[in-house]
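What follows is a short report on a single structure.
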Amino acid sequence: MSYPLVILLCVGLLHQTGGIIRMDKLADNKICGDAECSHVLSMVTALDDFIAPDCRFINIRRGQMVYVYSKLIPEEGTGVFWSGSVYSERYVNQMGIIGYFPATVVKETQKFTQDTVQIPTADIDFYCD
């Protein structure tokens, strides 16, 4: 093996990131039940399947129930996305994976809070690991 190839290989291994990928922001503001977006806003039922196009999103299947933690406030010409986690017996005592999904593929079945706060989104809202 030649020295330039070894050096290139070593530099490539050292340059690896911690696995976090910064993605484009989907919105500048969001609606939450509290300032930390930790309270569930509502429960929704999926009307159709949704396959996540990238790591910011979650897969949902028709009929699944999803806890909604935040609702992105869309900018002109963009889609409406909500953030939540899929509810299932598997995640009863633990937090499921949280990600975005289009509001158009779900029906809100139960609201848990009427009091909401509008807060700006942060870059961390759109990171992937």
Side-chain angles (χ1 to χ4, degrees):
M1 199 187 266
S2 67
Y3 286 111
L5 185 59
V6 170
I7 291 171
L8 184 61
L9 181 62
C10 290
V11 169
L13 290 174
L14 292 174
H15 190 295
Q16 288 183 350
T17 62
I20 295 177
I21 302 168
R22 184 173 184 274
M23 305 295 283
D24 292 334
K25 287 178 98 175
L26 298 172
D28 290 327
N29 294 292
K30 61 185 174 180
I31 296 170
C32 298
D34 63 299
E36 292 80 32
C37 292
S38 60
H39 294 146
V40 176
L41 289 172
S42 61
M43 178 77 79
V44 299
T45 302
L47 301 173
D48 206 354
D49 292 346
F50 174 72
I51 306 300
D54 62 47
C55 56
R56 295 173 292 179
F57 297 88
I58 58 171
N59 294 319
I60 55 177
R61 291 187 320 271
R62 183 178 185 186
Q64 276 188 313
M65 295 182 349
V66 181
Y67 288 116
V68 177
Y69 291 96
S70 69
K71 297 177 179 182
L72 297 180
I73 298 172
E75 313 232 345
E76 178 116 9
T78 62
V80 178
F81 295 101
W82 293 353
S83 171
S85 72
V86 173
Y87 173 84
S88 70
E89 294 299 321
R90 181 176 176 190
Y91 297 115
V92 168
N93 294 318
Q94 59 184 337
M95 187 170 172
I97 297 171
I98 294 177
Y100 295 100
F101 56 90
T104 56
V105 300
V106 296
K107 177 183 178 186
E108 201 163 38
T109 54
Q110 185 174 7
K111 289 187 179 186
F112 294 116
T113 183
Q114 296 297 327
D115 299 327
T116 60
V117 295
Q118 180 176 325
I119 58 175
T121 58
D123 287 340
I124 195 70
D125 290 327
F126 307 103
Y127 271 88
C128 296
D129 57 350

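Values reported hereafter were calculated over all heavy atoms of this structure, with side chains retained and with hydrogens, waters and symmetry mates removed.
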In the structure I gave you, are the side-chain heavy atoms of Thr113 and His39 within less than 4.5 Å of one another anywhere?
no

Would you check if the side chain of Thr45 reaches a backbone N or O of Met65 as a donor-acceptor pair within less than 3.5 Å?
no

Of all heavy-atom pairs linking Ile58 and Phe50, the shortest is O-CD2, 3.3 Å

Nearest atoms (heavy-atom pairs only) where Val68 meets Phe101
CG2-CZ, 4.0 Å

Rounded to the nearest 0.5 Å, what's the gap from SG on Cys32 to CG on Asp115? Could you check?
13.5 Å

Roughly how far, to the nearest 0.5 Å, is SG of Cys37 from CD1 of Ile31?
10.0 Å

Can you see which heavy atom on Ala103 is nearest to which on Trp82, and at what distance?
CB-CE2, 3.5 Å

Nearest heavy-atom contact between Ser83 and Ile98 is OG-CG2, 3.3 Å

Indicate, with yes or no, if Val117 and Ile73 share a hydrophobic cluster defined by side-chain heavy-atom contacts under 4.5 Å among Ile, Leu, Val, Met, Phe, Trp and Tyr.
no

Which distance, rounded to the nearest 0.5 Å, do you find between the CG of Leu41 and the NZ of Lys71?
6.0 Å

Please find the pair of heavy atoms, one from Val40 and one from Ser42, that lie closest to each other, and give the distance.
CG1-O, 3.4 Å

Side chain Ser85, main chain Tyr67, donor-acceptor under 3.5 Å
no

Tell me, with the steps shown, if Val106 and Ile60 meet side chain to side chain contact (heavy atoms under 4.5 Å, CB included).
CA-CA 10 Å; Val106 296; Ile60 55 177; 4.0 Å; yes

CA sep, side-chain torsions, deciding dist, call: Leu47, Val105, side chain to side chain contact (heavy atoms under 4.5 Å, CB included)
CA-CA 5 Å; Leu47 301 173; Val105 300; 5.7 Å; no

Could you measure the distance from the CD1 atom of Ile119 to the NZ atom of Lys30? Nearest 0.5 Å is fine.
4.5 Å

Between Leu26 and Phe57, does the side chain to side chain contact (heavy atoms under 4.5 Å, CB included) criterion hold? Intermediate values first, please.
CA-CA 11 Å; Leu26 298 172; Phe57 297 88; 3.9 Å; yes

Rounded to the nearest 0.5 Å, what separation is found between the CG atom of Asn29 and the CD atom of Glu75?
7.5 Å

Between atom CG of Asp28 and atom OG1 of Thr121, what is the distance when rounded to the nearest 0.5 Å?
5.5 Å

